[in-house]
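Note sheet for the following structure.
All heavy atoms count here, side chains included; hydrogens, waters and symmetry mates do not.
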Amino acid sequence: EIPKRDWSSDVCSSDLRLMHVLTVASMAALWQAAHLPSTYLIGVGIVAVLLVYEQSLVSADDLSQVKKAFDMNGVVGIIYFVATAASLYL
């Protein structure tokens with residue numbers, strides 16, 4: 001039997017926060033491992049700020065901004081791509 005998961009908003013929110021922290025930590029680790037210039041790290045900083053903003057949009061009591069928070073992932077992806085490309089090619 002498959003165990004049942006508690007899909008309440010506060011549990012999912014804490015899981016999402018952890019995933020965002022791990023994402024930024026992985027990006028920072030890549031910066032060190034690949035010896036990328038500071039341009040990359042500036043992009044990672046912007047991504048981190050956007051992820052914090054995304055987290056602030058949704059709470060367990062108010063899910064009205066879920067679509068806006070989800071759409072922020074597109075912005076995060078574009079900024080990360082631009083920062084990575086700039087650090088590699090400029």
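Under the 4.5 Å side-chain heavy-atom criterion for ILVMFWY residues, a single connected hydrophobic cluster contains both Val24 and Leu30. Two different hydrophobic clusters hold Val21 and Val58 under the rule that ILVMFWY side chains link at heavy-atom gaps under 4.5 Å. One hydrophobic cluster, built from ILVMFWY side chains closer than 4.5 Å, holds both Val76 and Val66.
Nearest approach of Gln65 to Leu57, heavy atoms of both residues: CB-O, 3.4 Å. Contact record, Ser87 with Thr84: OG-O, 2.8 Å, taken as the closest heavy-atom pair.
For Ser64, the side-chain hydrogen bond (donor to acceptor under 3.5 Å, both in side chains) partners are Asp62, not counting sequence neighbours.
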All N/O donor-acceptor pairs, side-chain side in residues 36-54, below 3.5 Å, sequence neighbours left out:
unit_1, atom_1, unit_2, atom_2, d
Tyr40, OH, Met27, O, 3.1
Tyr40, OH, Tyr80, OH, 2.8
Tyr53, OH, Lys68, NZ, 3.3

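Taking Ile, Leu, Val, Met, Phe, Trp and Tyr as hydrophobic and joining them when side-chain heavy atoms fall under 4.5 Å apart, one finds Val82 in a cluster with Ile78, Phe81.
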